[in-house]
Chemist: 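Take a look at this one; I'll ask things after.
Residue numbers start at 1 and run along the sequence shown. Just so we're clear, the structure is a prediction, and the values are computed from it rather than from any experiment.
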Amino acid sequence: MFNSLTGIITAKFPKQVFLDTNGIEWDLCVPDSNLDMLPPVGNEARIFTWLQHTDQLMAIYGFASADERSLFMDLLKVDGVGPKGALKIMSSVSSSRLMEVLENGDLEMLEKIPGVGKKTAGKMILTLKGKLKLSEGAGASVRIAAASPYSELVASLVSMGYEKRLVEQKIAELVELLSADKSFEERPKKEKEDLLFRRAIVELS
């Protein structure tokens, strides 16, 4: 079928995005956690897709990156978790946090996610623990989002009025650039954050 759609975002709603591609407006089911990762309404976006086609319905699910879609498809491997359930889970928790909880086997935390009961939480850990990983060649911004070591730094910059998607992208680029210097990797986390903050302010302004 098709891997992605590229067009102009015409509307955003909870769990839903409208995308215009040369006069055809698509109605896409999108996790709430992905909405801020996509450009604002009126801007062009590439949305990675997954098609659900049954005798009763046809729906297209959209994601801000290939990795977000991969996580969605991994959730579908869990017995009892369908497309709507996976969408609800991803709407309730960030992908980075979900991956962390699954890797830690944190059953109690999983049960707190809307749509996930004790039985489903156990199946999720059994099916996915130790098996979730980012796709090869994923962009730097996706790697940072998944690892989320600088989530507080991103939040601070967003609170200053910068767009979250641009902040995440810039921090990812800076981390990739600065990590080439061994001395950066050896610095304490606080010093890394201070340096990243100053550089990001300059480049985002």
Side-chain angles (χ1 to χ4, degrees), residues 1-54 57-78 81-103 113-116 124 127-128 131-148 151 154 158 163-173 175-176:
M1 285 298 293
F2 42 86
N3 179 57
S4 66
L5 293 170
T6 299
I8 303 298
I9 294 178
T10 54
K12 282 185 179 182
F13 305 100
K15 299 182 181 64
Q16 186 180 40
V17 166
F18 290 170
L19 186 76
D20 184 280
T21 59
N22 298 317
I24 299 176
E25 189 174 45
W26 302 85
D27 182 351
L28 308 175
C29 304
V30 177
D32 289 340
S33 60
N34 279 219
L35 293 178
D36 286 341
M37 299 167 66
L38 293 169
V41 172
N43 287 264
E44 184 176 78
R46 180 186 184 189
I47 300 181
F48 292 82
T49 57
W50 182 82
L51 175 67
Q52 179 187 23
H53 189 191
T54 69
L57 63 87
M58 181 182 293
I60 301 177
Y61 290 75
F63 306 90
S65 71
D67 277 323
E68 291 289 320
R69 179 178 61 186
S70 293
L71 178 58
F72 172 84
M73 295 176 71
D74 282 332
L75 288 172
L76 296 183
K77 297 175 184 176
V78 179
V81 177
K84 287 186 178 180
L87 187 76
K88 186 174 183 179
I89 292 170
M90 292 183 68
S91 292
S92 303
V93 62
S94 68
S95 298
S96 57
R97 179 59 177 152
L98 179 59
M99 291 173 70
E100 178 186 351
V101 170
L102 285 169
E103 289 305 296
I113 300 175
V116 179
M124 289 174 67
T127 305
L128 302 176
K131 300 175 183 178
L132 295 175
K133 60 177 65 177
L134 298 177
S135 62
E136 293 295 327
S141 60
V142 175
R143 291 198 296 274
I144 291 301
S148 290
S151 57
V154 170
V158 171
E163 185 181 335
K164 184 178 179 182
R165 182 179 62 88
L166 295 179
V167 170
E168 290 177 334
Q169 181 178 348
K170 180 55 63 180
I171 293 298
E173 291 173 355
V175 169
E176 191 167 43

Chemist: Could you check Val81 against Thr127 for side-chain contact (heavy atoms from CB on, under 4.5 Å), going step by step and ending with a plain yes or no?
Modeler: CA-CA 11 Å; Val81 177; Thr127 305; over 6 Å; no
Chemist: If you count the non-hydrogen atoms of other residues, nucleotides and ligands that lie under 6.0 Å from CG in Asn43, is the total more than 12?
Modeler: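 Atom CG in Asn43 is packed in, count exceeds 12.
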Chemist: Which heavy atom of Ala86 sits nearest a heavy atom of Leu76, and at what distance?
Modeler: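 Heavy atoms of Ala86 and Leu76 come nearest at CB-CD2, 4.1 Å.
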Chemist: For Lys15, check salt bridge (Lys or Arg N to Asp or Glu O under 4.0 Å) against everything at least two apart and list the hits.
Modeler: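 Partners of Lys15 under the salt bridge (Lys or Arg N to Asp or Glu O under 4.0 Å) test: Asp32.
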Chemist: Between atom CE of Met99 and atom CG of Leu71, what is the distance when rounded to the nearest 0.5 Å?
Modeler: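 One finds 6.5 Å between CE of Met99 and CG of Leu71.
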Chemist: Where is the tightest heavy-atom contact between Pro39 and Glu44, given as atom of each residue plus distance?
Modeler: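 Residues Pro39 and Glu44, closest heavy atoms: CG-O, 3.4 Å.
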Chemist: side-chain contact (heavy atoms from CB on, under 4.5 Å) between Phe18 and Asp27: does it pass, once the steps are laid out?
Modeler: CA-CA 5 Å; Phe18 290 170; Asp27 182 351; 3.5 Å; yes
Chemist: For residues Val101 and Val93, determine if any side-chain heavy atom of one lies less than 4.5 Å from a side-chain heavy atom of the other.
Modeler: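 Sidechains of Val93 and Val101: no contact.
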Chemist: With a 3.5 Å distance limit and no angle check, can you tell me whether Asp20 reaches the backbone of Thr10 through a side-chain donor-acceptor pair?
Modeler: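 Side chain of Asp20 to backbone of Thr10, a donor-acceptor pair under 3.5 Å: no, none is there.
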Chemist: Under the rule for ring-ring contact (aromatic ring centres under 6.0 Å, His included), what residues qualify as partners of Phe63, not counting sequence neighbours?
Modeler: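 Partners of Phe63 under the ring-ring contact (aromatic ring centres under 6.0 Å, His included) test: Phe72.
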Chemist: Just do the side-chain contact (heavy atoms from CB on, under 4.5 Å) check on Leu98 and Leu75 with the steps written out, would you?
Modeler: CA-CA 11 Å; Leu98 179 59; Leu75 288 172; 4.2 Å; yes
Chemist: Does the side chain of Thr49 reach to within under 4.5 Å of the side chain of Trp26, using non-hydrogen atoms?
Modeler: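 A side-chain contact under 4.5 Å is absent here.
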Chemist: Working to the nearest 0.5 Å, report the span between CG of Leu38 and CD of Glu68.
Modeler: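 The CD atom of Glu68 is 9.5 Å from CG of Leu38, to the nearest 0.5 Å.
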Chemist: Roughly how far, to the nearest 0.5 Å, is the OG1 atom of Thr6 from the CG atom of Leu19?
Modeler: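 Result: 7.5 Å between the selected atoms.
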Chemist: Is the shortest heavy-atom distance from the side chain of Val30 to the side chain of Tyr61 under 4.5 Å?
Modeler: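 Result no, sub-4.5 Å side-chain heavy-atom pair not found.
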Chemist: Would you check if the side chain of Lys88 reaches a backbone N or O of Val116 as a donor-acceptor pair within less than 3.5 Å?
Modeler: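 Pair absent, no side-chain N/O of Lys88 close to backbone of Val116.
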Chemist: Would you confirm whether Ser33, through its side chain, and Met90, through its main-chain N or O, come within 3.5 Å as a donor-acceptor pair?
Modeler: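 Checked: pair present.
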Chemist: Would you say the side-chain atoms of Asn3 and Arg69 include a donor-acceptor pair closer than 3.5 Å?
Modeler: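 Short answer, yes.
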Chemist: Say you draw a straight line from OG of Ser94 to CG of Asp36; how long is it, rounded to the nearest 0.5 Å?
Modeler: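 Here the interatomic distance stands at 12.0 Å.
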Chemist: Would you give the length of the straight line joining atom CD1 of Ile47 to atom CD1 of Ile9, rounded to the nearest 0.5 angstrom?
Modeler: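 Interatomic distance, Ile47 CD1 to Ile9 CD1, rounded to 0.5 Å: 5.0 Å.
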Chemist: Shortest non-hydrogen contact from Pro31 to Gly62?
Modeler: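 Pro31 and Gly62 have their closest heavy atoms at CD-O, 3.4 Å.
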Chemist: Measuring from Met124:CE to Asp74:CG, what's the distance to the nearest 0.5 Å?
Modeler: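 Spacing of CE (Met124) from CG (Asp74) equals 10.5 Å.
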Chemist: Would you name the heavy atoms of Ser92 and Ile113 that are closest together and state the gap between them?
Modeler: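 Closest approach of Ser92 to Ile113, heavy atoms only: CB-CG2, 4.0 Å.
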